[in-house]
4 protein chains.
Amino acid sequence: MSTTAVRPLRADAVRNRALVVDAARRLFAERGLDVTLHDVAEAAGVGVGTVYRRFPDKDALLAGLLADKFEALVDLAETAGRRPTGRDALRDYLLGAMELRASDRALSSAVLRAAPHTTETADLRATLQHLVDGIVDRARAENAVREGFTGDDVPAVTSMIGSIADRTREESPEAWRRYGLLVVDAVCPPEGAPGPLVGAPLPPPGATSCVVSPP
Amino acid sequence: MSTTAVRPLRADAVRNRALVVDAARRLFAERGLDVTLHDVAEAAGVGVGTVYRRFPDKDALLAGLLADKFEALVDLAETAGRRPTGRDALRDYLLGAMELRASDRALSSAVLRAAPHTTETADLRATLQHLVDGIVDRARAENAVREGFTGDDVPAVTSMIGSIADRTREESPEAWRRYGLLVVDAVCPPEGAPGPLVGAPLPPPGATSCVVSPP
Amino acid sequence: MSTTAVRPLRADAVRNRALVVDAARRLFAERGLDVTLHDVAEAAGVGVGTVYRRFPDKDALLAGLLADKFEALVDLAETAGRRPTGRDALRDYLLGAMELRASDRALSSAVLRAAPHTTETADLRATLQHLVDGIVDRARAENAVREGFTGDDVPAVTSMIGSIADRTREESPEAWRRYGLLVVDAVCPPEGAPGPLVGAPLPPPGATSCVVSPP
Amino acid sequence: MSTTAVRPLRADAVRNRALVVDAARRLFAERGLDVTLHDVAEAAGVGVGTVYRRFPDKDALLAGLLADKFEALVDLAETAGRRPTGRDALRDYLLGAMELRASDRALSSAVLRAAPHTTETADLRATLQHLVDGIVDRARAENAVREGFTGDDVPAVTSMIGSIADRTREESPEAWRRYGLLVVDAVCPPEGAPGPLVGAPLPPPGATSCVVSPP
DNA sequence: CATGAATGAGTCTTCATTCAT
DNA sequence: CATGAATGAAGACTCATTCAT
């Protein structure tokens with residue numbers, strides 16, 4: 001009846017789940033989807049069995065992380081939504097979402113998989129979509145959006161940038177911004193004329209040297 | 001695969017090599033990098049050993065496919081370069097490159113890896129880069145390019161779209177065009193004002209139903 | 001296998017580890033280093049994975065077996081060391097070591113490899129060397145040793161005989177004794193004059209018939 | 001009718017066979033039995049098929065090398081047999097045979113296998129055995145041989161030393177002499193009292209440092 | 001005859017997942 | 001409930017041997 005835990009075991013479970021999720025987030029972000037669940041378990045300081053008790057399989061674990069990300073996106077959408085203009089709100093949200101996506105290597109891979117979508121994420125998705133639609137609608141009302149662009153396009157442009165980030169995370173973790181801004185400008189142009197691209201082009205894949213920023 | 005063979009392969013070897021390459025291209029395009037070389041061999045109708053005879057390892061095979069793609073890109077750049085205006089040339093090339101990239105799932109993954117870059121691909125890359133730089137320069141001379149954009153940015157924007165294509169190849173193989181055009185417009189705006197986005201937003205990842213194009 | 005386990009293995013793990021070690025010892029002894037770990041696993045009645053769980057790779061497994069043998073040698077050296085004369089102690093040890101070595105085909109091969117020497121075996125080696133040096137020193141004090149022979153020569157003469165045993169284990173498992181005694185006599189002559197060689201010459205390699213002992 | 005080759009093909013064949021045998025001898029001696037027949041073929045400058053045309057399989061090739069060695073041993077036995085005393089003849093032969101054996105890593109491995117004995121080697125073996133028996137008999141007549149030792153024991157003691165040589169070829173290619181002489185002295189003592197062992201004990205297997213010779 | 005292309009069984013090793021303790 | 005031991009299906013790669021050119 002009360003909200004205090006009647007069964008202490010539940011508390012342990014919660015703690016363990018958190019440990020696993022934290023470890024998984026860290027490892028997946030660092031090393032991508034190739035981490036084994038043994039690695040996750042070890043990093044979390046629990047046995048593999050415990051991981052499997054909390055998450056039926058690897059995909060479920062990814063879904064859990066995904067849920068976390070959706071929460072962060074919801075927060076972001078709420079914050080961005082408070083900007084006075086729709087344009088700023090949309091630009092803030094897009095860049096913020098790209099940033100989140102860029103900070104986590106596993107996310108794109110996870111998104112590609114069919115399985116990881118649970119009811120938990122479904123609910124969060126719905127909430128998020130609603131908020132984002134609102135933001136896009138406001139910006140459109142200000143004539144600040146490329147014609148035809150809708151809230152449903154947002155994940156696509158975000159994940160596009162994520163793929164760039166995945167490729168460059170090691171050498172220049174901020175390289176994605178150049179293309180992120182390009183896309184944001186294309187979707188929702190800034191107030192004045194867009195300036196030159198920021199940052200430097202990506203070193204062509206396979207090149208070992210890093211190109212320096214042009215003057 | 002290459003015109004620079006040191007010694008002409010025997011007739012049957014050539015045929016088998018082609019079989020392997022074709023099978024590999026098809027399987028990699030369909031199923032990504034996870035295909036085993038056994039699968040490739042089987043699809044090609046040869047033994048695994050034959051695959052390993054032609055390509056020391058999996059990466060070498062990917063490098064071979066990559067070389068093919070680079071050749072196609074070089075062709076594309078040459079064709080596009082013949083357009084009267086730099087603007088058209090650049091837009092043609094970008095869309096064409098996206099198209100090529102979209103048609104082959106393995107390509108992006110291969111590009112991410114360090115190994116598959118051989119001298120063969122390196123040479124092709126250099127040629128390609130030269131052609132593309134020329135195209136971008138022409139377009140810039142016409143003031144048709146987003147300020148700051150260079151030839152080195154081309155692979156990045158192409159691969160960005162490729163990642164979209166990878167996600168949607170199954171359900172709607174042309175979905176990438178919506179975002180491809182968005183990006184092309186951002187890099188090199190069309191003559192008049194850009195119209196509305198083409199196609200429909202992506203079905204949000206995880207959704208099972210396929211959204212139909214709005215009227 | 002070792003008394004220095006950092007953390008006691010679970011009961012079933014201990015049992016399985018023993019099964020693996022036993023099977024490995026048997027198979028390696030019978031068929032040399034060419035047994036696969038699948039064979040070992042099957043003979044032990046466990047899955048391959050279990051073998052790999054206990055021993056990171058094949059060399060580690062060999063190192064484990066080696067450790068066992070070193071323990072046996074240490075025991076032997078202790079027992080032999082209790083003989084009243086250094087001469088008897090040394091002769092006992094040499095023959096005993098040859099006997100151990102002759103009973104296990106994998107041992108020589110394992111010794112040839114660089115990898116299988118772990119800290120565990122290193123410690124045992126040190127102990128063993130100390131004991132053997134003591135025995136040799138005692139025998140030398142009695143003037144019972146070939147001039148120049150040291151404790152460091154012991155492994156060499158033992159392995160020499162082992163190579164003979166490897167070749168003859170199938171047809172006449174005791175054939176090595178003839179040469180073992182020859183060498184022991186050379187290193188540490190018996191009290192009186194050495195008698196005739198024991199046993200019969202080896203059937204020349206390649207001969208199919210087995211030579212019988214001369215009267 | 002004449003001894004000049006009527007069929008030039010035969011000449012080619014002989015040349016190729018020699019190329020293969022030379023390459024094989026070199027590679028097997030250097031790297032042991034693990035060399036592939038591709039390596040042999042390449043080193044010989046011929047195709048694999050040619051190797052298989054000359055030698056039905058790997059074992060047959062080894063048998064061929066073995067035949068070479070037997071020829072060398074026959075030469076050696078003839079030379080040694082010319083020494084005035086049986087003692088010197090036997091000691092010469094034993095040491096010489098050990099030397100031959102020590103110079104070739106593949107030999108011991110080959111001897112262990114059942115297959116490689118062909119009629120060619122069988123004949124050579126017989127010749128050799130006859131010569132060696134003669135040498136041993138002469139030495140025995142001089143009372144210069146350990147009682148019970150026969151010509152049939154010669155291969156055993158030689159191969160014993162070979163196993164030592166195999167283990168030490170890399171680091172100290174002459175290390176086997178210490179034990180070779182020990183065994184020769186045991187079989188056929190020198191005129192006076194045997195002096196101290198020559199050379200230094202083997203570094204215990206697994207040790208990285210090389211023990212220096214005692215004063 | 002020589003060549004080297006093709007074969008495919010066999011080797012080692014990894015890892016997602018299950019289940020006894 | 002937590003643990004980590006056990007499982008075994010793959011996967012990448014090798015190489016002795018055969019056979020088409």
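Numbered from 1 within each chain, the chains take letters A, B, ... in sequence-line order. These numbers come from the heavy atoms of this one structure, side chains and all, not from hydrogens, waters or symmetry mates.
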To the nearest 0.5 angstrom, please state how far the CZ atom of Arg54(B) sits from the CG atom of Leu19(B). 11.5 Å
Calculate the interatomic distance between Asp39(A) atom CG and dT14(E) atom C1'; express it in whole Å. 11 Å
Does Val48(B) reach a base, just sugar-phosphate, or nothing at all? Heavy atoms under 4.0 Å. base
At what distance, to the nearest 0.5 angstrom, does CZ of Phe28(B) lie from CG of Leu66(B)? 11.5 Å
Check this for me, if you would: do Asp12(C) and Arg15(C) make a salt bridge, where the nitrogen-to-carboxylate-oxygen distance has to be below 4.0 angstrom? no
5′-ward residue of the pair His38(B)/Thr36(A) relative to DNA chain E: His38(B)
G-U wobble or Watson-Crick pairing nucleotide for dC1(F) (cut-off 3.5 Å, both distances): none
Return the nucleotide paired to dA9(E): Watson-Crick means purine N1 to pyrimidine N3 with N6-O4 or O6-N4, wobble means G-U with N1-O2 and O6-N3, both under 3.5 Å. dT14(F)
From the candidates dC12(E), dA6(F), dT7(E), the one with an atom nearest any side-chain atom of Lys58(C) is dC12(E)
Round to a whole Å and report the spacing from CZ of Arg15(B) to C1' of dA6(E). 11 Å
Whole angstroms only, please: what is the CG-C1' distance between Asp12(B) and dT18(F)? 14 Å
If you assign each of Gly49(C) and Asp34(B) to its closest nucleotide in DNA chain F, which residue comes earlier from the 5' end? Gly49(C)
Note: Asp39(C)-Arg26(C) ion pair, threshold 4.0 Å (strictly below): no
Rounded distance in Å - CZ (Phe55(C)) to P (dA5(F)): 13 Å
To the nearest Å, give me how far apart CZ (Arg31(A)) and P (dT14(E)) are. 14 Å
In whole angstrom, what separates Glu42(D)'s CD from dT3(E)'s P? 13 Å
Is there a Watson-Crick or G-U wobble partner for dT7(F) with both distances under 3.5 Å, and if so, which one is it? dA16(E)
Does a side-chain N or O from Asn16(B) land closer than 4.0 Å to OP1 or OP2 of dA5(E), or not? no
Whole-Å distance separating the CG atom of Leu37(A) from the P atom of dC15(E): 11 Å
When you get a sec, tell me which of dA6(E), dA2(F), dT17(F) is the closest nucleotide to the side chain of Arg53(A)? dA2(F)
Expressed in angstrom and rounded to an integer, what is the separation of Leu19(D) atom CG from dC1(E) atom P? 16 Å
Output for pair (Tyr52(A) OH, Lys58(A) NZ), nearest 0.5 Å, gives 8.0 Å
